[in-house]
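What follows is a set of notes on a single structure, which appears directly below.
Since the model is a prediction, treat every value here as computed from it, not as a measurement.
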Amino acid sequence: MKTFSEFITEANRRAQRASKAGRKPKEGEKSTSNEKPSAVVTVGLPGSGKSTIAKHMVSKGNTDQHELDKSRQALGKGPAYFGSDIVQHTYSGAKKSAEQGRSTVLSNTSIPKQHRQDAIDKLKDSGYKNVKAVLSPGSTKAAMRRNRKRTGTNPGEGAVPQFVMNRMKQGMDSMSRSDKRELRANYKKLHKKERFTKPAMKRSGVIR
């Protein structure tokens, strides 16, 4: 049985072979007015690819990205601020997207199971009937490396303190196998629709 990372690597290779053969890889169709808006909750460490996934989905035109860091910036709060107002701001934005018939991707870490369930419940209360949590494909080792290289002072830009990363890693390690299987299966379905391949994401401008 293929590992999760092997699945993603193979998908990327298939897309590259198709490109070399003169065939354009499928990228997933843009949302249309006939499609019911849905919501996705990303799960993973900082640096694991959550924002990249979100930006690729947003690039297709009918999806909005919402996250606590964006709310912190909008409200002028620091990166360590965890007041209830940023939570309210985040889900108010998601509700507005739902009212406009747009899909939502919530790109928070959402590692503890209760956090994921709270996010799903809030998005359903915001008007989304179809809400799925997906596991970001980046490895823990890669996420740790990317986090150390991050710079900037705005929320979501700078490196997360190592002790916080270690605590979140413990949360990932303690996740049950059944939960991981479900989150990975949800990601594979989303990948099939959205095409998170390197060629596709380069065309959408998400990566270089």
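Legend: salt bridge (charged side-chain N to carboxylate O under 4.0 Å, His left out) pairs involving residues 92-120, not counting sequence neighbours, sorted by first then second residue: Asp64-Arg102, Lys113-Asp179, Arg116-Asp179. Listed by first then second residue, pairs satisfying side chain to side chain donor-acceptor pair (under 3.5 Å) with a partner in residues 141-154 read Asn154-Glu157, not counting sequence neighbours. Sorted by first then second residue, the side chain to side chain donor-acceptor pair (under 3.5 Å) pairs that include residues 163-173, not counting sequence neighbours, are Gln162-Asn166, Lys169-Asp173.
Side-chain atoms of Lys50 and Thr109, non-hydrogen and from C-beta on, do get closer than 4.5 Å to each other. The shortest side-chain heavy-atom distance between His115 and Asn108 does not fall under the 4.5 Å cut-off.
Not counting sequence neighbours, the partners of Ser107 by the side-chain hydrogen bond (donor to acceptor under 3.5 Å, both in side chains) test are Gln65, Glu67. Legend: residues meeting side-chain hydrogen bond (donor to acceptor under 3.5 Å, both in side chains) with Ser71, ordered by chain and number and at least two apart, are His89, Thr90. Residues satisfying the side-chain hydrogen bond (donor to acceptor under 3.5 Å, both in side chains) test with Gln117, not counting sequence neighbours, are Asp121.
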Next item on the list: List the steps and the verdict of side chain to side chain contact (heavy atoms under 4.5 Å, CB included) for Ile86 and Leu75.
Entry: CA-CA 7 Å; Ile86 63 167; Leu75 297 177; 3.9 Å; yes

Margin query: His191 vs Thr197, test: side chain to side chain contact (heavy atoms under 4.5 Å, CB included). Steps then yes/no.
Written below: CA-CA 8 Å; His191 170 79; Thr197 64; 4.1 Å; yes

Next item on the list: Could you please spell out the steps behind the side chain to side chain contact (heavy atoms under 4.5 Å, CB included) verdict for Leu123 and Val41?
Entry: CA-CA 9 Å; Leu123 288 169; Val41 177; 3.5 Å; yes

Checklist line | Residue pair Val105, His66: steps toward the side chain to side chain contact (heavy atoms under 4.5 Å, CB included) verdict | finding: CA-CA 6 Å; Val105 53; His66 300 284; over 6 Å; no

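Once rounded to the nearest 0.5 Å, the distance linking CD1 of Ile120 with CG of Asp125 reads 12.0 Å. In this structure, CE on Met57 lies 4.5 Å from CD on Glu194, to the nearest 0.5 angstrom. Taken to the nearest 0.5 Å, the CG atom of Leu183 stands 11.0 Å off from the OG atom of Ser136. Note that the CE atom of Met165 and the CG atom of Leu45 stand 5.0 Å from one another [nearest 0.5 Å]. Rounded to the nearest 0.5 angstrom, Tyr91 OH and Ser97 OG are separated by 13.0 Å. Note: Ser204 OG to Lys60 NZ = 8.0 Å, rounded to the nearest 0.5 Å.
Shown here is Lys180, whose NZ atom has more than 12 heavy atoms of other residues, nucleotides or ligands within 6.0 Å.
With hydrogens and angles disregarded, a donor-acceptor distance shorter than 3.5 Å links the side chain of His56 to the backbone of Arg195. Remark: side-chain polar atoms of Lys132 are not paired, donor with acceptor, to backbone N or O of Ala39 under 3.5 angstrom. No donor-acceptor pair under 3.5 Å is formed between the side chain of Thr63 and the backbone N or O of Ser59. For Tyr128 (side chain) and Pro37 (main-chain N/O), no donor-acceptor pair under 3.5 Å exists by modelled atom type. Looking only at distances, a side-chain donor or acceptor of Ser103 sits under 3.5 Å from a matching main-chain atom of Ser38.
Ion pairing between Asp69 and Arg72 holds under the 4.0 Å rule for side-chain N and carboxylate O.
Neither Leu106 nor Leu190 shares a network with the other; the hydrophobic side chains, linked directly or stepwise wherever heavy atoms of I, L, V, M, F, W or Y lie under 4.5 Å apart, form separate groups for each. A single hydrophobic cluster is seen to contain both Met144 and Val43, as judged by linkage of ILVMFWY side chains at heavy-atom distances under 4.5 Å, directly or through other members. In this structure, Val164 is a member of the same hydrophobic cluster as Met172, with clusters built from ILVMFWY side-chain heavy atoms closer than 4.5 Å. At a threshold of 4.5 Å between side-chain heavy atoms, the hydrophobic network of Ile, Leu, Val, Met, Phe, Trp and Tyr places Leu135 and Met168 in one connected group.
Smallest separation of non-hydrogen atoms from Ser174 and Gly171: OG-O, 3.0 Å. When all heavy atoms of Ser48 and Ala143 are compared, the pair lying nearest together is N-CB, 4.0 Å.
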